[in-house]
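Notes for the one structure printed next.
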Amino acid sequence: MRKKVGILGGTFNPPHIGHLIIANEVLHALNLDEVRLMPNATPPHKEIQNRVTSIQRLTMVELSVQDAPMLKVETIEIDQGGTSYTFDTMELLRKRELQTDFYFIIGGDQVEDLPTWYRIEELIQNVHLVGVPRPNKLLETAYPIVTLDIPQIDLSSTTIRNRIANGETTQFLISDAVRDFIRKEKLYET
């Protein structure tokens, strides 16, 4: 029997409750065996802010999912380093796990950008793309994606970083373990 695995990529700088809601909702809506949160090493479309290392971001993701057994961490892009292209990563995963069908989860903002993705035509032949809504973003595309209607939370890692820099609360927005790690490492302070 083939395994069904969701992949939720991102910078996770830091990971927050919005990431966990998306992963959990897709897990259950598509009856997946697990969803892996996959931090990028160097994303092609985004600059990593605030001098946070890839290992610190990975640690925060591990802390975020430690109490959710069906949410896992995928380290393939951190392990490889360099710029991370989804097509290349998914090809490596498909070769490593021949009995797995992968579901790559993207937000509404990424759906708009699909035409610019590296080797998108080949990617859509090899993985299932799952689009989840984000506030004020449509899930309209010519590409064959699975769209899900899940609860939306208008929260970003930028909001979390700004709150920490301003000494404001992040309670319920990030896990206590992630908050403790951020304090210990003195991340996102001004």
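Quick caveat, the model's predicted, so the values are computed rather than measured.
- Going from atom OG1 of T53 over to atom CG of L58 covers 9.0 Å, rounded to the nearest 0.5 Å.
- With rounding to the nearest 0.5 Å, the separation of CG in N24 from CE in M70 is 9.0 Å.
- For the pair Q125 (side chain) and E122 (backbone), a donor-acceptor distance under 3.5 Å is absent.
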Practice prompt. Test L114 against I145 for side chain to side chain contact (heavy atoms under 4.5 Å, CB included), laying out the working first.
Written response: CA-CA 11 Å; L114 281 176; I145 66 171; 4.1 Å; yes
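- Taken from OG1 in T141 to CD in Q110, the straight-line distance is 12.5 Å, to the nearest 0.5 Å.
- Looking at K186 and E189, no side-chain N of the basic residue comes within less than 4.0 Å of a carboxylate O on the acidic one, giving no salt bridge.
- I164 is not connected to F172 by any chain of hydrophobic side-chain contacts under 4.5 Å among Ile, Leu, Val, Met, Phe, Trp and Tyr, and they are in different clusters.
- One finds the CD1 atom of I160 at 10.5 Å from the CD atom of E168 (value rounded to the nearest 0.5 Å).
- The backbone N or O of Q99 lies less than 3.5 Å from no partner atom in the side chain of R2, so there is not a single donor-acceptor pair.
- A donor-acceptor contact closer than 3.5 angstrom is absent between the side chains of T86 and T89.
- Nearest heavy-atom pair across M38 and I7 is CE-CG2, 3.7 Å.
- In this pair, H128 and Y103 present their aromatic rings parallel. The plane angle is below 30°, not in the 30 to 60° band.
- The number of heavy atoms from other shown groups lying within 6.0 Å of CG (D149) does not exceed 12.
- Closest approach of I78 to S54, counting heavy atoms only: CD1-CB, 3.4 Å.
- Nearest heavy atoms, F104 versus W117: CE2-CH2, 3.8 Å.
- Residue L173 holds its CG atom at 5.5 Å from CG of L155, rounded to the nearest 0.5 Å.
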Worksheet entry | N126 and F102: CA distance, side-chain angles, deciding distance, side chain to side chain contact (heavy atoms under 4.5 Å, CB included) verdict | CA-CA 8 Å; N126 298 328; F102 288 100; over 6 Å; no
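- Each of R51, R161, M60 was compared with L187 under the side-chain contact (heavy atoms from CB on, under 4.5 Å) criterion, and only M60 meets it.
- Interatomic distance, S175 OG to L20 CG, rounded to the nearest 0.5 Å: 7.5 Å.
- Shortest non-hydrogen contact noted between A23 and V35 is O-CG2, 3.6 Å.
- Two residues are said to be in side-chain contact when any heavy atoms from C-beta on lie closer than 4.5 Å; H28 and N31 fail this criterion.
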Worksheet entry | Criterion side chain to side chain contact (heavy atoms under 4.5 Å, CB included) on R163 and Y188, from CA distance to verdict | CA-CA 9 Å; R163 282 183 170 224; Y188 313 119; over 6 Å; no
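- Nearest heavy atom pair, residue Q152 against residue P133, reads NE2-CB, 3.5 Å.
- Between the side chain of S157 and the backbone N or O of F12 there is no donor-acceptor pair closer than 3.5 Å.
- When all heavy atoms are compared, the tightest approach of L63 to A177 is CD1-O, 3.7 Å.
- Here the side chains of I182 and I174 are in contact, with some heavy-atom distance below 4.5 Å.
- Two residues are said to be in side-chain contact when any heavy atoms from C-beta on lie closer than 4.5 Å; Q80 and L92 meet this criterion.
- Checked for salt-bridge contact, D33 and K3 miss the test: no charged N lies under 4.0 Å from a carboxylate O.
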Item to complete: Mind running salt bridge (charged side-chain N to carboxylate O under 4.0 Å, His left out) on E74 and R96 for me, showing each step along the way?
Response: CA-CA 13 Å; E74 176 56 63; R96 188 177 77 185; 2.9 Å; yes
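- The closest donor-acceptor contact from the side chain of R36 to the backbone of K72 lies at 3.5 Å or more, if one exists at all.
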Worksheet item: Going through the checks in order, is the side chain to side chain contact (heavy atoms under 4.5 Å, CB included) test met by V127 and R94?
Response: CA-CA 9 Å; V127 301; R94 284 176 6 101; 4.2 Å; yes
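- Side-chain contact, R57 with T11: no donor N or O sits under 3.5 Å from an acceptor N or O.
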